[in-house]
Each structure stands twice: as structure tokens, then as C-alpha cells.
Amino acid sequence: MRASQGNWKRTRGHSVTRGGACAVALGMILLAIASVPIGSAAPVAGASAAASGEIVWAYGGTENVSVAWQGEHGQFIGSASYGFSTTLTQTNTSNTTYYLTENHTVGASVRLTYCQPDCASANFSSSFDAHAWEQWTSVADFTISGLVTLRNGSSVPALALTHASTQAVANLSETRSFTANGTTHLVRELFVAASANLSVGFAPALGLLPLNLTEVEAWTATSQFNASGNWQTSFMSVGPDGSLNARRSGNLTGSGNVTLYGSDGRLESDTLRPVQGQNWTRITVRLGSLMEQRGSSDLGLGFDLQDGFALVPRVVDIWADTGDWGSSMALTTHADASGIDSMGVLGSHLGLDSAEWSYTTSVNSYGAPTDSSPSVVQGTPLSPSAAQASAACLTGGACASSVSGPSGTVSSAPWVLAGLAVALVVGVAAVVLIRRT
């Protein structure tokens, strides 16, 4: 948002509580439905201590934002907390193969008040309070015997994905009220829960990243995939005029051909991006060119490629205002991975060293403005215990940044205060859409 439109303040930091982290054993994640007012999908279980022979590393970041802005007919004031946390556990199964588990959490909490004519002398005010999080555990089998194809048509050795299994859960809760003549009235409460699990195999192994990133700028890889899984969602919208609720479920089964597209930072800006002393290469990878054979298209289901390798079912993208609950949302927050950071594929562990996530929040009423840029949270290395503590605060909605990060790592404006809900920002997310025959 332009400086003339408001006064924005932000801090950036990381959670710091100690605890263990490593692989979470995969099992069915069930959507727990309680009686009042609606159930929620339980967060993925906390990580345990690393076993012998495992390599564990983590990264993430959080950002707190405050705003005081004068709108067309009134004033918006409020705060938001955005963040993500990633813990990776690597087990070497041979000289050329690896087993990698990712525990990932992304969350946003937003509190906003709209006042007329302003919040110092309001005769009318409306309050928005929203909290959303998405969490997944992805287990992937890698080989360094894969291939990717460069622009000149030559093939080079690459880190490649042979199989991935993901279990994911997500929750959203939102309350909206207004106050007039000293009396507060509830407008709407919204509760959403989603869960899904899937298994995807690739033959041949799907190339992800060249083993030597210093000599390439862009690459592609092709493979055939077979996928299976299932999903379920539940929502309840409650207001003075009554309530709406629905539960849905379905299967994720499909096969076809897929092409991966990858590039490094030389196609965008600097090749190396120093962040807290780390010379990382910014990488983006996405999937496309899918030849669908069978599957489900309910809720626009597909798979998003996150953090360079995790295949996450689209149905648990709680940030999208699709599904049955979209029309009930007063605030819409979108979260998306902008890219992954790497110091090279080979080394003490696989070269997935950090990531960057972007967030936008839109207000779907009161003629809010539309010309802001996303808030960008650049991840930095964390201890596994700090990453686990960050994941707990993101799902609990109580993250409070206390450590300032380096300057120049976040964008100048964090929210899109939009008059209408905006479309999902997919960024580098890969869409692998499988439709019902």
C-alpha cells in the first residue's frame, strides 16, 4: 500500500522454545467432528527425537504487522501474524538414495476493526477476527540418479523423486461482529476443517533439481505418475439468521504424464540471495502438462508442489475461498510458497535449506482499497526445537515475533485490503489436477 494511504508497522522474528524434531510416522489423519459448534482437524503430532543415522535441520519465520489506515468512508486498524515452520529429517538408504520427511506448518492470524468515521470517535465499528493454519507431513523417496533436461536439450544428473506420501490437515475459524449505539451484534461465525492423504509414485523418477546448480538456469523433467488417496471437509457458518453446515468426502485417484519446470534466480534477479549470512540460490519448481486419465474434480482438487518436493492435496488449501464456505468468509488470506533456497544438492544433507512464503489478506466489504503488495516472510535456519515451537504457536494462533530480522527481507506492504475476494495466488505451486472420468 502506498505510504500516503496509511501507517504500517512490522516486526519479524522466530519462535525460540526448545524441543525435539524428526519424522512423524504416517497413519490415517481423521477429521475430528465435535458437536458444538464444529470439529477441527487436529494438528499433526509433534516430532520426536532424531534416531541414529538421521540428519535433521529446520527453517522458518514469523512476521507481525500492524496497520492504521484511513479508508474511503472510515478507518481500518488492526494486526496480523504470518508465519511458517519446516522441519526436515533425512535418512540415507544407500550411496544414491535418500528418505526425507517434512513436517510443515503455515499459519495466519488477523484481527481488524473498521470504524466510521474513525476509530477515535466511532459511531459504528465492525470487527474481524480470523485464524487459519495448514499442516502436513510428507515422506519422500529420492535418488541422485535422476535426470533433468536443459534448454539446449542436453541431460544432466539431478535429484529426483520416486515416491511421495502426504497427510495434511487444515483449520479456519472466523468471527465478525459490529457495534452501533453502544451495542455489539454478532454478524457471522465460520468454522472449517479439512484433511486429506495421498500417495504418488513416479516412473521414471521425476527430476527436481540439477546436482550442480551453478551451471544451469532452467530445466525440465518428465515422468508418469500414479496417485491414490482420499479427503474430507466440514464447515459450519452461524449467524443471527441461522446456520449452514456441510460435510463432504471423496477419493484422490489418478494417473497420467507430468512435466516439471525449474529455474534459478538468474532468470529473475540475483543468483545468490544473502540472508543472515547464507548464500542461497533461489529455486522455483512447478508442475504442468498433465494428461488426466481418471480421478476426482470435486472442489477443484489437485496437488500442489510445495517446498520443492511435497505433494499437498489442494482440498486442504484452507487459504482458498473455494469450497462450500467461500461465500461466508469476511476476510480472505492467501498463503503461497514463492520459492525455495538451496546451497547445492549435495553436502551434509539434501540442499533444501530454506524457503520464502508470501501472504495477502483481503477484506470483502466496506469498500476497502485494492492496491497493496503481499507480505513476504523469508525463512531462516532454525533449530529443530525452535521450528517445533513455532509450529505450535502457528496452530494455536499465539505467535509473537520478538527478534528483529535483517532489513530488506520483507516487502513494504503486507495486506491486500480488497473490496472483493481475490483469486488464489498460486505462485510456484504446481497444479496436478485429476478429474473424474
Side-chain angles (χ1 to χ4, degrees), residues 31-42 65-82 107-134 170-194 233-248 318-334 360-369 394-399 415-422:
L31 184 67
I33 304 298
S35 57
V36 179
I38 192 174
S40 63
V65 177
S66 61
V67 60
W69 177 78
Q70 185 63 44
E72 182 179 359
H73 302 293
Q75 182 183 30
F76 292 89
I77 62 172
S79 62
S81 177
Y82 301 124
S109 296
V110 180
R111 291 185 176 182
L112 182 68
T113 300
Y114 172 75
C115 310
Q116 290 182 348
D118 56 54
C119 293
S121 56
N123 54 42
F124 171 86
S125 65
S126 182
S127 298
F128 306 84
D129 190 343
H131 176 224
W133 55 263
E134 182 179 344
N171 264 69
L172 180 149
S173 60
E174 179 183 272
T175 301
R176 180 183 174 188
S177 61
F178 74 90
T179 301
N181 299 320
T183 303
T184 299
H185 307 270
L186 176 67
V187 176
R188 178 73 49 189
E189 286 185 296
L190 175 65
F191 306 90
V192 182
T233 64
S234 180
F235 92 98
M236 177 175 287
S237 178
V238 181
D241 54 348
S243 64
L244 298 172
N245 63 82
R247 300 182 185 184
R248 299 180 66 188
I318 205 71
W319 319 104
D321 57 348
T322 56
D324 301 313
W325 55 88
S327 61
S328 298
M329 297 176 71
L331 295 178
T332 304
T333 295
H334 299 305
T360 58
T361 294
S362 59
V363 182
N364 306 323
S365 58
Y366 299 124
L394 289 168
T395 56
C399 290
W415 292 16
V416 176
L417 295 175
L420 297 174
V422 296

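Sequential numbering from 1 along the given sequence is applied to the chain's residues.
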*Asks:* Would you give the length of the straight line joining atom CG of Leu190 to atom CE of Met236, rounded to the nearest 0.5 angstrom?
*Replies:*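 The distance works out to 10.5 Å.
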*Asks:* Drop me the distance from Asn245's CG to Phe191's CZ, to the nearest 0.5 angstrom.
*Replies:*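 With rounding to 0.5 Å, CG (Asn245) is 12.0 Å from CZ (Phe191).
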*Asks:* Is there a donor-acceptor contact under 3.5 Å from the side chain of Asn364 to the main chain of Ala330?
*Replies:*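 Yes: the side chain of Asn364 pairs with the backbone of Ala330.
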*Asks:* Give the ring-plane orientation class for Tyr114 versus Phe124, where under 30° counts as parallel, over 60° as perpendicular and anything between as tilted.
*Replies:*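 Perpendicular, since the angle between the ring planes exceeds 60°.
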*Asks:* If you take all heavy atoms of Thr395 and His131, which pair is closest and at what distance?
*Replies:*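 Scanning both residues, the minimum pair turns out to be O-CE1, 2.9 Å.
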*Asks:* Can you give me the closest heavy-atom contact between Thr333 and Ala108, atom names plus distance?
*Replies:*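 Looking at all heavy atoms of both residues, the shortest contact is CG2-CB, 4.0 Å.
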*Asks:* Give a yes or no answer on whether the side chain of Glu174 reaches the backbone of Met329 with a donor-acceptor pair at less than 3.5 Å.
*Replies:*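 The answer is no, because no donor-acceptor pair under 3.5 Å joins these two groups.
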*Asks:* Nearest 0.5 Å, what's the CZ-OG distance between Phe178 and Ser127?
*Replies:*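 Here the rounded value is 11.5 Å.
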*Asks:* To the nearest 0.5 Å, what is the distance between CG on Leu112 and OG on Ser126?
*Replies:*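 Rounded to the nearest 0.5 Å, the CG-OG separation comes out at 8.5 Å.
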*Asks:* Over all heavy atoms of both residues, which pair between Arg188 and Ser237 is shortest? Give the atoms and the distance, please.
*Replies:*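 Answer, listing the atom of Arg188 first, then Ser237: CD-OG, 2.8 Å.
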*Asks:* For the pair Tyr366 and Phe128, name the ring-plane relationship: parallel under 30°, tilted 30 to 60°, perpendicular over 60°.
*Replies:*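 If you compare the ring of Tyr366 with that of Phe128, the planes turn out perpendicular.
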*Asks:* Could you state the interatomic distance from CG (Asp118) to CD (Gln75), rounded to the nearest 0.5 Å?
*Replies:*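 Atom-to-atom, Asp118:CG and Gln75:CD are 5.5 Å apart.
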*Asks:* Taking C-beta and beyond as the side chain, do Thr233 and Trp325 meet within less than 4.5 Å on heavy atoms?
*Replies:*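 Yes, close enough: below the 4.5 Å cut-off.
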*Asks:* Report the C-alpha distance between Asp324 and Val192 in whole Å, list the side-chain angles of each, state the deciding distance to 0.1 Å, and finish with yes or no for side chain to side chain contact (heavy atoms under 4.5 Å, CB included).
*Replies:* CA-CA 10 Å; Asp324 301 313; Val192 182; over 6 Å; no
*Asks:* I'd like to check Trp133 versus Ile318 (side-chain heavy atoms, cut-off strictly below 4.5 Å). Are they in contact?
*Replies:*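 Heavy-atom side-chain distance check fails, nothing below 4.5 Å.
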*Asks:* For residues Ser109 and Gly397, report the shortest heavy-atom separation together with the two atoms involved.
*Replies:*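 In terms of heavy atoms, the two residues are closest at OG-CA, 3.5 Å.
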*Asks:* Using every non-hydrogen atom in the two residues, find where Pro240 and Leu186 come nearest and quote the distance to one decimal.
*Replies:*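 Nearest heavy atoms, Pro240 then Leu186: CG-O, 3.1 Å.
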*Asks:* Side chains of Ser66 and Ser79: donor-acceptor distance under 3.5 Å anywhere?
*Replies:*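 The criterion, which ignores hydrogens and geometry beyond distance, is not satisfied for Ser79 and Ser66.
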*Asks:* Heavy-atom count check: over 12 atoms from other residues, nucleotides or ligands less than 6.0 Å from His185 NE2?
*Replies:*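 Enclosed: over 12 neighbouring heavy atoms sit under 6.0 Å from NE2 of His185.
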*Asks:* Could you pull out the closest heavy-atom pair between Thr113 and Ser125, with the gap in Å?
*Replies:*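 So the minimum-distance heavy-atom pair works out to CG2-CB, 4.3 Å.
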